[in-house]
Structures are given as C-alpha cells and as structure tokens.
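To start, the structure under review is shown below, and the notes come after it.
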Amino acid sequence: MRKISKLRELAINCDWSKDGFMAAAGMSYPYLSAGKIRKNIAPLFNMAGLEAHIDFGTPMLLAPVGEKQLLHWLATLNVVFTDIDTGYNSETYTYFGEGVDKLDKALRKAQTDAIKTWLSSLFLLEDGIDTEMSSDMTSN
C-alpha cells in the first residue's frame, strides 16, 4: 500500500489538463484522453517500484442500443499490482467499461473505458466524459 500511495503522490505532479475535444449531436466538450492518461502513468509505476498486471476477462455482448441497434459491449478489467522489490502481489481489483459503436470499435471502446475507469479511480481523475451523455449521443 505504501508504494500505491507513492504512485498517487507522483501522479499529482502530472499534467491532467484535458487534451481531447468531442463534438456530436450539436454538443461539444473537452475530455482527458486515454492516451494522455497512459503516457503520464506508465513511467510512474517504475518510479514507485510497482508493476501492474492487466487482464481483460471475457467480454459480454449486451443488448443493442438505440434505433440503429448499435453494438454494446461490457469489458471486465482485472488488475493485480506487484511490488518489484519483494514480488508481493496485491489482491485483484476489478473494473468495468462499456462501449457502443456501429462497427467493430465497440469492444475496444469498452476496454478503453475500463482502463480509464481504473486509472481515474486510482488517481481520482476526472476525464470530462459523462458516459450517459456520450451513450445517448451515439444512440441517436
């Protein structure tokens, strides 16, 4: 837990400004991209002496969304932290993400959502995306 606390301490000094912009259905808003979150976080694990083992469980195809019957996936993300000095493994932390799309990107969106949920939970980040609003926009 001390190293996870160190990881959070290091994260405070990162640039968490929103770097993306989404425009859909007459609305627009900035958001923090998954790419920027990953870029900021990756080196911090080494500095804190931790490794994160990430495993996606079996995805679940949910009921289609909206009039267009968009694909709707639920992704499960399991994370175990390993202390690189002692080899100690943490308990498994589980997070979920949803993705909706008309093509093959729905599952990847769900996995990205699960990763963002994990990292924003760990570091108390706000990504700027209201998942209910963005789901509503893509279903119209």
Side-chain angles (χ1 to χ4, degrees):
M1 292 308 293
R2 200 169 302 166
K3 289 191 176 186
I4 291 174
S5 179
K6 177 66 174 175
L7 189 62
R8 285 189 187 112
E9 179 185 321
L10 292 167
I12 290 170
N13 296 315
C14 291
D15 172 16
W16 298 114
S17 60
K18 294 173 173 70
D19 64 328
F21 186 77
M22 180 175 216
M27 301 176 75
S28 61
Y29 54 91
Y31 67 94
L32 177 58
S33 71
K36 186 171 183 178
I37 292 172
R38 287 185 192 117
K39 181 182 174 189
N40 279 345
I41 297 303
L44 303 184
F45 280 96
N46 286 340
M47 292 178 194
L50 288 171
E51 185 61 50
H53 300 279
I54 298 172
D55 172 59
F56 285 103
T58 303
M60 181 185 298
L61 185 59
L62 302 175
V65 173
E67 293 176 13
K68 295 181 182 179
Q69 296 292 291
L70 300 174
L71 293 174
H72 185 196
W73 285 96
L74 176 69
T76 302
L77 175 70
N78 299 302
V79 180
V80 174
F81 292 105
T82 300
D83 183 322
I84 62 174
D85 296 319
T86 66
Y88 173 79
N89 290 323
S90 72
E91 62 184 280
T92 300
Y93 298 93
T94 302
Y95 301 89
F96 300 96
E98 288 186 71
V100 176
D101 197 88
K102 60 186 172 185
L103 299 172
D104 60 344
K105 292 188 227 170
L107 180 55
R108 290 192 316 182
K109 286 180 177 182
Q111 291 173 331
T112 297
D113 185 47
I115 290 170
K116 287 179 81 171
T117 299
W118 164 49
L119 294 173
S120 63
S121 296
L122 181 64
F123 298 108
L124 304 175
L125 301 177
E126 174 57 49
D127 67 8
I129 296 177
D130 179 338
T131 54
E132 289 184 27
M133 184 176 78
S134 59
S135 294
D136 290 343
M137 288 190 303
T138 56
S139 63
N140 293 330

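If you're wondering where the values come from, they're calculated on a predicted model, not measured in any experiment. Positions are given from 1 along the sequence.
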Exercise. Is Met22 close to Tyr29 at the side-chain level, that is, under 4.5 Å between some pair of heavy atoms?
Worked result: yes
For this session: Identify the two heavy atoms, one from Tyr31 and one from Phe21, that lie closest to each other, and give their separation to 0.1 Å.
Result: CE2-N, 3.4 Å
Problem set entry | Value rounded to 0.5 Å, distance of CH2 in Trp73 from CD in Gln111 | 10.0 Å
Exercise. Donor-acceptor pair, Lys36 side chain versus Ser17 backbone, under 3.5 Å?
Worked result: yes
Exercise. Of the non-hydrogen atoms in Thr112 and Ala34, which two are nearest, and what is the gap between them?
Worked result: CG2-CB, 3.5 Å
Exercise. Looking only at heavy atoms, what is the nearest atom pair of Ala114 and Ala75, with distance?
Worked result: CB-O, 4.3 Å
Exercise. Hey, quick one: are Phe81 and Leu10 part of the same hydrophobic cluster, counting side-chain heavy atoms closer than 4.5 Å, chains of contacts allowed?
Worked result: yes
Exercise. Would you say the side chain of Asp101 lies within less than 4.5 Å of the side chain of Leu71, judging by non-hydrogen atoms?
Worked result: no
Problem set entry | OG1 on Thr82 to OH on Tyr88, rounded to 0.5 Å | 10.0 Å
For this session: Applying side chain to side chain contact (heavy atoms under 4.5 Å, CB included), run through Leu103 and Lys105 and close with a yes or a no.
Result: CA-CA 6 Å; Leu103 299 172; Lys105 292 188 227 170; 5.6 Å; no
Problem set entry | Derivation of the side chain to side chain contact (heavy atoms under 4.5 Å, CB included) call for Trp16 and Ile37 | CA-CA 8 Å; Trp16 298 114; Ile37 292 172; 4.2 Å; yes
Problem set entry | Separation between NZ of Lys6 and CG of Leu44, rounded to the nearest 0.5 Å | 10.0 Å
Exercise. Are the side chain of Thr117 and the backbone N or O of Asp113 linked by a donor-acceptor pair below 3.5 Å?
Worked result: yes
Exercise. Which one of Ile41, Leu32, Asn40 satisfies the side chain to side chain contact (heavy atoms under 4.5 Å, CB included) criterion with Leu119?
Worked result: Ile41
Exercise. Can you check whether Leu122 reaches Leu7 side chain to side chain, under 4.5 Å on heavy atoms?
Worked result: yes
Problem set entry | From Asp83 atom CG to Leu50 atom CG, the distance as rounded to the nearest 0.5 Å | 6.0 Å
Exercise. How far apart are the C-alpha atoms of Phe56 and Ile115, what are their side-chain angles, what is the distance that settles it, and do they pass the side chain to side chain contact (heavy atoms under 4.5 Å, CB included) test?
Worked result: CA-CA 10 Å; Phe56 285 103; Ile115 290 170; 3.8 Å; yes
Problem set entry | Neighbour count >12 (heavy atoms, 6.0 Å) for atom CG, Asp85 | yes
Exercise. Hey, what do you get for OG1 (Thr58) to CG (Leu74), rounding to the nearest 0.5 Å?
Worked result: 11.0 Å
For this session: Mind running side-chain hydrogen bond (donor to acceptor under 3.5 Å, both in side chains) on Ser33 and Asp19 for me, showing each step along the way?
Result: CA-CA 6 Å; Ser33 71; Asp19 64 328; 2.8 Å; yes
